[in-house]
Amino acid sequence: MCLFCKIANKEIPSKVVLEDEHVLAFHDVNPQAPTHVLVIPKRHIAGIGQATPEDEAILGRLLLAARRVAELAGIAESGFRTVINSGANAGQTVFHLHVHVLGGRAMAWPPG
């Protein structure tokens with residue numbers, strides 16, 4: 001079982017921001033911005049590259065949950081970034097689909 005599955009199953013504690021029956025949002029333990037929250041599906045999907053047409057509803061739920069996280073964090077109006085890393089070369093280190101919600105500071109493009 002992967003790290004995020006263990007977090008979703010409450011086997012590993014996390015600082016939860018938002019939760020429903022399908023998604024869980026929690027603070028990143030290594031934040032890269034003043035607000036850095038991860039939004040995951042509770043059901044294991046290794047990454048966006050492994051999502052299938054059957055995952056369409058959960059993919060929408062992830063993005064709507066990301067918006068709600070930004071609202072709860074008070075960064076929705078000032079601006080926030082959502083990031084999905086897909087694969088090792090893109091920086092994905094936990095192979096369970098997750099959306100990073102980052103904000104609370106000005107960000108430049110391109111990242112990195």
Side-chain angles (χ1 to χ4, degrees):
M1 183 177 295
C2 82
L3 174 67
F4 287 175
C5 284
K6 289 179 181 180
I7 290 172
N9 289 329
K10 308 294 188 204
E11 295 172 33
I12 296 175
S14 64
K15 189 174 174 189
V16 174
V17 175
L18 180 74
E19 182 175 13
D20 68 21
E21 63 183 294
H22 302 287
V23 301
L24 177 69
F26 55 93
H27 288 275
D28 193 305
V29 296
N30 185 26
Q32 302 300 305
T35 297
H36 189 171
V37 175
L38 303 175
V39 183
I40 67 168
K42 287 187 172 179
R43 181 174 54 83
H44 185 83
I45 301 169
I48 193 74
Q50 290 71 39
T52 67
E54 290 76 29
D55 297 318
E56 182 177 357
I58 193 64
L59 296 175
R61 285 181 181 273
L62 289 172
L63 292 178
L64 290 174
R67 184 200 71 200
R68 182 68 182 135
V69 164
E71 291 169 349
L72 292 170
I75 59 171
E77 289 189 31
S78 61
F80 62 98
R81 179 173 287 165
T82 56
V83 176
I84 300 173
N85 297 319
S86 182
N89 283 350
Q92 185 177 4
T93 58
V94 177
F95 291 88
H96 183 120
L97 177 60
H98 54 287
V99 178
H100 297 261
V101 179
L102 301 136
R105 66 172 166 85
M107 296 185 194
W109 190 261

**OP:** With rounding to the nearest 0.5 Å, note down the distance linking CZ in F95 to CG in N85.
**Re:** 9.5 Å

Subject >> More than 12 heavy atoms of other groups within 6.0 Å of E11 CD >> reply: yes

**OP:** Could you list all the salt bridge (Lys or Arg N to Asp or Glu O under 4.0 Å) pairs where at least one residue sits in residues 36-47, not counting sequence neighbours?
**Re:** E19-K42, R43-D55

**OP:** Give, for atom CZ of F26 and atom CD1 of I40, the distance between the pair rounded to the nearest 0.5 Å.
**Re:** 4.5 Å

Subject >> I75-M107 co-clustered via ILVMFWY side chain contacts under 4.5 Å >> reply: no

**OP:** State the OG-CG distance between S14 and L24, to the nearest 0.5 angstrom.
**Re:** 5.5 Å

**OP:** Look at the side chain of Q92 and the backbone N and O of A46, then say whether any donor-acceptor pair between them is shorter than 3.5 Å.
**Re:** yes

**OP:** Could you tell me which residues satisfy side-chain hydrogen bond (donor to acceptor under 3.5 Å, both in side chains) with E21, sequence neighbours excluded, listed by chain and number?
**Re:** none

What side-chain donor-acceptor pairs closer than 3.5 Å can you find for residues 59-69, not counting sequence neighbours?
from: R67; atom 1: NE; to: E71; atom 2: OE2; distance (Å): 3.3
from: R68; atom 1: NH1; to: E71; atom 2: OE1; distance (Å): 3.2

Subject >> Minimum heavy-atom distance between G103 and A33, given as atom pair plus value >> reply: O-CB, 3.6 Å

Original post:
Same hydrophobic cluster for F4 and V99, using side-chain heavy-atom links shorter than 4.5 Å among ILVMFWY?
Top reply: no

**OP:** List, by chain and then residue number, the residues other than M1 in its hydrophobic cluster (Ile/Leu/Val/Met/Phe/Trp/Tyr, side-chain heavy atoms under 4.5 Å); write none if there are no others.
**Re:** none

**OP:** Only pairs at least two apart or in different chains count here, so list each side chain to side chain donor-acceptor pair (under 3.5 Å) that has a residue in residues 26-38.
**Re:** D28-H36, H36-H100

Original post:
So if you build clusters from Ile, Leu, Val, Met, Phe, Trp, Tyr with side-chain heavy-atom gaps below 4.5 Å, do F80 and V17 land together?
Top reply: yes

Original post:
When hydrophobic residues are tied together by side-chain contacts of less than 4.5 Å, even through go-betweens, does V23 share a cluster with I7?
Top reply: no

Original post:
Atom CD1 in I45, atom CD1 in I48: separation rounded to 0.5 Å?
Top reply: 8.0 Å

**OP:** Among I58, V39, I84, find the one that has a side-chain contact (heavy atoms from CB on, under 4.5 Å) with L97.
**Re:** I84

**OP:** Could you tell me whether K15 atom NZ has more than 12 heavy atoms of other residues or ligands within 6.0 Å of it?
**Re:** no

**OP:** Could you tell me which residues satisfy side-chain hydrogen bond (donor to acceptor under 3.5 Å, both in side chains) with H44, sequence neighbours excluded, listed by chain and number?
**Re:** H96

Original post:
According to a 4.5 Å side-chain heavy-atom criterion applied to Ile, Leu, Val, Met, Phe, Trp and Tyr, with indirect links allowed, do V16 and I12 form part of one hydrophobic cluster?
Top reply: yes

